[in-house]
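Only one structure is covered here, and it is reproduced in the block below.
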Amino acid sequence: MVKKFYERVRLHPVLGPIFNGVVTDWEAHLIHLSDFWEMILLQTGPGAGKFNPVKVHLEVDKAVDNSIEQAHFGNWLELWFGTIDALFEGKNAAYAKEHARRMAHVLFMRIWEVRLK
């Protein structure tokens, strides 16, 4: 799922340049992201205490001259939902989409909070 999703992200006309500009080792990044989503969605794997999504997204925003906008998160969610819908259905699929929606909201708000300081 994670691999399929990020294949779509890398090709997206808006998100692709951002992700491809900051990710230097996609193979390692996909392993890291798979561990993250395994922890979130399945509550298993090596992820506990290993991730700080807010810090990472603040660094990405800084690397792209504070140009991350709410629309970027909308694009990301659209691709995420499409990938989930193509591969899964049911309660776990709904949870994966809802968690991503909440996470996108929190990350976007944290980016704006830092910019306002």
Can you confirm whether more than 12 heavy atoms, excluding those of His99, are under 6.0 Å from its NE2 atom?
yes
Calculate, to the nearest 0.5 Å, the distance between atoms CD1 and CD belonging to Ile111 and Glu69 respectively.
11.0 Å
Compare all side-chain heavy atoms of Val56 with those of Pro53 and state whether any distance is below 4.5 angstrom.
no
Steps toward side chain to side chain contact (heavy atoms under 4.5 Å, CB included) verdict (Phe19, His12)
CA-CA 10 Å; Phe19 279 84; His12 191 272; over 6 Å; no
Linking I/L/V/M/F/W/Y whenever any side-chain heavy atoms sit under 4.5 Å apart, do Val114 and Val60 land together?
yes
What about Trp76 and Phe5, are their ring centers closer than 6.0 Å?
yes
Shared hydrophobic cluster for Leu107 and Met109 (ILVMFWY, side-chain gaps under 4.5 Å):
yes
Going by the rule side-chain contact (heavy atoms from CB on, under 4.5 Å), which residues pair with Asp65 if we only count those two or more places apart in sequence or in a different chain?
none
Looking at residues at least two apart in the chain, or sitting in another chain, which of them share a side-chain hydrogen bond (donor to acceptor under 3.5 Å, both in side chains) with Gln70?
none
Applying side-chain contact (heavy atoms from CB on, under 4.5 Å), name anything that partners Leu33, two or more places apart in sequence or on another chain.
Val2, Tyr6, His29
Starting from Phe88, can I reach Met103 by hopping between I/L/V/M/F/W/Y residues whose side chains sit under 4.5 Å apart?
yes
Going from NZ on Lys3 to OG on Ser34, what distance comes out if it is rounded to the nearest 0.5 angstrom?
9.0 Å
If two hydrophobic side chains count as joined below 4.5 Å and joins carry through other members, does Leu11 share a cluster with Trp26?
no
When the side chains of residues 77-84 are checked against the rest of the protein, which donor-acceptor pairs come out under 3.5 Å, sequence neighbours left out?
from  : atom 1 : to    : atom 2 : distance (Å)
Trp80 : NE1    : Ala96 : O      : 3.1
Thr83 : OG1    : Arg8  : NH1    : 3.0
Thr83 : OG1    : Leu79 : O      : 2.8

Take a 6.0 Å sphere around CD of Glu98 and say whether it holds more than 12 heavy atoms from other residues, nucleotides or ligands.
yes
With the side chain counted from C-beta on, respond yes when Glu59 and Asn52 share a heavy-atom pair under 4.5 Å apart, and no when they do not.
no
Hey, what do you get for CG (Asp61) to CH2 (Trp112), rounding to the nearest 0.5 Å?
9.0 Å
Let me confirm one number: the CZ-CD1 distance from Phe73 to Ile68, rounded to the nearest 0.5 Å.
6.5 Å
Only one of Val9, Val14, Ile18 passes side chain to side chain contact (heavy atoms under 4.5 Å, CB included) with Asn75, and that residue is Val14
What is the distance from atom CD of Glu7 to atom CG of Leu30, rounded to the nearest 0.5 Å?
8.5 Å
Is there side-chain contact between Asn92 and Leu41, with heavy atoms separated by less than 4.5 Å?
no
Listed by chain and number, what are the side-chain contact (heavy atoms from CB on, under 4.5 Å) partners of His32, not counting sequence neighbours?
Lys50, Phe51
Applying salt bridge (charged side-chain N to carboxylate O under 4.0 Å, His left out), which residue pairs with at least one partner in residues 88-97 are found, sequence neighbours left out?
Asp85-Lys97
